[in-house]
Amino acid sequence: MTVADLSDDPRRLAEAVLLPGFAGTTAPDWVRRRLAEGLGGVILFGRNVVDDEQVAALSAALRSARDDVVVGIDEEGGDVTRLDVGTGSFVPGPLALGAAGDPELTASVAAALGERLAACGITVNLAPCADLTLAAEDPGIGVRAFGSAPDAASPHVAAYVTGMQKYGVAACAKHFPGHGAATEDSHLSLPVLPRTAAELREVELVPFAAAIGAGVRAVMSGHLVVREWGEEPATFNRTALVDVLRGELGFTGAVITDALEMGAISGAYGRHDGLGEASVRALLGGADALCLGGAAFDTETLDRTAEAIVAAVTEGRLSVERLADAAARTASLGTSPAPATVRPVDYPLGLSAARAALRITGAPKLTGPALVVDVQTEPGIAAGPMPWGLGAHLAELAPGTRTLSVSPDDVATVVAEAASAESVVVVTRGAHRHPAVREFLAGLSTVDYIRVETGVPGPETGDRPRIDTFSGSYVSLRAAAEHLARA
């Protein structure tokens, strides 16, 4: 069954644009049934992953219903990983790749990841971020971007797209028109970008243009308001998606929405009952595939959403032609990658890239077994909890090393523990964004320590020896540990 077979069936066309998430590591019966009946596809998250072999089997089960089932995943590498959610990513994050400064290396890393995803049966990867790191207090992007300067970041965005799509997995540049200047997280509320349309064209849109020039097959809309384009977020906004993205930038592929149950949208329309209206508005705005994947949905939620879309067609708000066009573009992302056998992760390539990204200040080196102080802060919603860390790597390379996981309030504990340690390593994640962490570091004035920053380096300076990794990935932490142990 193809989209053409559904041209006179609004209900099945409505289902064909939906990409829900689900719970569990096997395909639920209701998901398989709905896929056989025309559901567009699914989005996989960490809750659906055990290992590559299991994901490959899950994808095969999902795609047994139809040849054009979309199987998406949010695998950015670095801090945002689904395949390696238990260990940390074997691919350094975008900011680390940008820091390494070699677009050819970025293309190689993305190709290795694309080959791995293809072997796992993934048809579209919701990456790369074409956003820029523009606001120091930005809570949503940070290390997920390739940098802050459009001319420097754009070649990496294009290289990532080229590498990812080499093995048939569609790349998806996000979050149009660019989230980096936002000071609110669209997972929680609706940001209004403090940018003019002219500023966007000169800065934020440059990496998206590079992605389009590289042939990116999908672009994700951001839940972001640009006042000059009206009061609706880009996900609902025809000026953003039709006039600018398609008209000015020439994009012809599929527009995927960011998850419609996110706070930026559900705050206005209701987390569940409003999904139908949000879906209709997204389709009217020019979006094609509707991501409902952040939460595990059920048949009742899907029914209400599809029924709202059908009602909009019946009432004349939404044309069946617009719906059929969206369904066709969604189905284009279900093209199956070339069959491949799951192969070992290219760990040496990822580690080499992570080493190239390290920025060393002073002469950070251990004088003996270390006390690793891991300063805990609230994780970003996109990344979720990051249970991996530097301590395990250093414990292997410098026997006797131990890890102390602390909150920013635990200065006294750290000072006491550091008194008996030969070396002290303090690990932070975007310390400049957290006043409590800055106070914590100031409270360690009597401690001789090495700083390892795994987030976006802040403007703070000092005389402490330091390593910036630009990523919390497995390979980035390993690279930092190797440097400390051998320096």
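Distance alone, capped at 3.5 Å, places no donor-acceptor pair between the E15 side chain and the A306 backbone. Side chain of S59 to main chain of V55: a donor-acceptor pair is present (N/O by atom type, distance under 3.5 Å, no hydrogens or angles). Not one N or O on the side chain of H156 forms a donor-acceptor pair closer than 3.5 Å with the backbone of L95. The main-chain N or O of G472 is never found under 3.5 Å from a side-chain atom of T454 such that the two would form a donor-acceptor pair. At distances below 3.5 Å, at least one donor-acceptor pair connects side-chain atoms of R63 with backbone N or O atoms of V69. In this structure a side-chain-to-backbone donor-acceptor pair under 3.5 Å is present from D131 to H179. For the pair R66 (side chain) and L39 (backbone), a donor-acceptor distance under 3.5 Å is present. A distance-only check finds no donor-acceptor pair linking the side chain of N48 to the backbone of T25 [under 3.5 Å]. Looking only at distances, no side-chain donor or acceptor of D68 sits under 3.5 Å from a matching main-chain atom of A331. E76 places no side-chain N or O within 3.5 Å of a backbone atom of A127 that could act as its donor or acceptor partner.
Rounding to the nearest 0.5 angstrom, the gap separating the CG atom in L241 from the OG1 atom in T235 is 7.0 Å. Taken from CG in L224 to CG in L190, the straight-line distance is 7.5 Å, to the nearest 0.5 Å. Remark: E482 CD to L477 CG distance equals 11.5 Å, nearest 0.5 Å. Separation of atoms CG (L245) and OG1 (T252) is listed at 10.0 Å; rounding is to 0.5 Å. L397 CG to R486 CZ: the interatomic distance, rounded to the nearest 0.5 Å, is 10.0 Å. Within the model, atoms CZ of R33 and OG1 of T299 stand 6.5 Å from one another, a figure rounded to the nearest 0.5 Å.
Evaluation of the side-chain hydrogen bond (donor to acceptor under 3.5 Å, both in side chains) test over residues 376-391, restricted to residues two or more places apart or in two chains, returns D374-Q376, Q376-S405.
Counting heavy atoms from C-beta outward, E75 and T81 have side chains that approach closer than 4.5 Å. The side-chain heavy atoms of P177 and L193, taken from C-beta on, include a pair separated by under 4.5 Å. You'll find the side chain of V345 stays beyond 4.5 Å of the side chain of Y474, heavy atoms only. Considering only heavy atoms from C-beta on, R322 stays 4.5 Å or farther from L284 through its side chain. A heavy-atom distance below 4.5 Å is found between the side chains of Y160 and F146. Proximity of I43 to L126: side-chain heavy atoms (C-beta onward) are separated by under 4.5 Å at one or more points. Between L484 and V452 there is a side-chain heavy-atom pair separated by less than 4.5 Å. Side-chain contact between L292 and L302 is present, with heavy atoms from C-beta onward closer than 4.5 Å.
Between E453 and T469, the side chains place no donor N or O within less than 3.5 Å of an acceptor N or O (distance only, hydrogens not considered). Between S473 and S89, the side chains place no donor N or O within less than 3.5 Å of an acceptor N or O (distance only, hydrogens not considered).
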Let me see the working for L105 and L349 under side-chain contact (heavy atoms from CB on, under 4.5 Å), right down to the final yes or no. CA-CA 9 Å; L105 178 61; L349 175 62; 4.1 Å; yes
Assess the residue pair L58 and L44 against the criterion (side-chain contact (heavy atoms from CB on, under 4.5 Å)); give the C-alpha distance rounded to whole Å, side-chain angles, the decisive distance to 0.1 Å, and a yes or no. CA-CA 10 Å; L58 172 58; L44 303 183; 4.0 Å; yes
Yes or no on side-chain contact (heavy atoms from CB on, under 4.5 Å) for I265 and F236, after CA distance, side-chain angles and deciding distance? CA-CA 10 Å; I265 301 300; F236 299 163; 3.8 Å; yes
R32 and D29: CA distance, side-chain angles, deciding distance, salt bridge (charged side-chain N to carboxylate O under 4.0 Å, His left out) verdict: CA-CA 5 Å; R32 297 178 69 169; D29 289 342; 5.6 Å; no
Determine, step by step, whether D74 and K174 satisfy the side-chain contact (heavy atoms from CB on, under 4.5 Å) criterion, reporting the C-alpha distance in whole Å, the side-chain angles of both residues, the deciding distance to 0.1 Å, and the verdict. CA-CA 11 Å; D74 204 359; K174 63 187 184 185; 2.7 Å; yes
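Other residues, nucleotides and ligands contribute more than 12 heavy atoms inside 6.0 Å of the CD atom of E300.
A side-chain contact (heavy atoms from CB on, under 4.5 Å) with V70 holds for exactly one of V42, L62, T330; it is T330.
In this structure D84 satisfies the salt bridge (charged side-chain N to carboxylate O under 4.0 Å, His left out) test together with R116, sequence neighbours excluded. Applying the salt bridge (charged side-chain N to carboxylate O under 4.0 Å, His left out) test to D303 and every residue at least two apart in sequence or in another chain returns R11, R34. Considering only residues two or more places apart in sequence or on other chains, E204 meets the salt bridge (charged side-chain N to carboxylate O under 4.0 Å, His left out) condition with R195. Every side-chain contact (heavy atoms from CB on, under 4.5 Å) that V161 has, sequence neighbours left out, goes to P128, Q165, A171, A211, A214, V216. Residues passing the side-chain hydrogen bond (donor to acceptor under 3.5 Å, both in side chains) test with T133, sequence neighbours excluded: none. Every side-chain contact (heavy atoms from CB on, under 4.5 Å) that A111 has, sequence neighbours left out, goes to K166, Y167. For H434, there are no ring-ring contact (aromatic ring centres under 6.0 Å, His included) partners two or more places apart in sequence or in a different chain. Listed by chain and number, the residues in a ring-ring contact (aromatic ring centres under 6.0 Å, His included) with F470 amount to none (sequence neighbours excluded). Take P155 and apply the side-chain contact (heavy atoms from CB on, under 4.5 Å) test, not counting sequence neighbours, and it matches P103. Remark: E396 pairs with R478 by the salt bridge (charged side-chain N to carboxylate O under 4.0 Å, His left out) rule, at least two apart or across chains. Residues passing the side-chain contact (heavy atoms from CB on, under 4.5 Å) test with R433 are P139, sequence neighbours excluded.
Closest approach of A287 to A326, counting heavy atoms only: O-CB, 4.1 Å. Nearest heavy-atom pair, A130 versus P207, reported as atom, atom and distance to 0.1 Å: O-CB, 3.4 Å.
Between D288 and R246 there is a salt bridge, since at least one side-chain N of the basic residue sits less than 4.0 Å from a carboxylate O of the acidic one.
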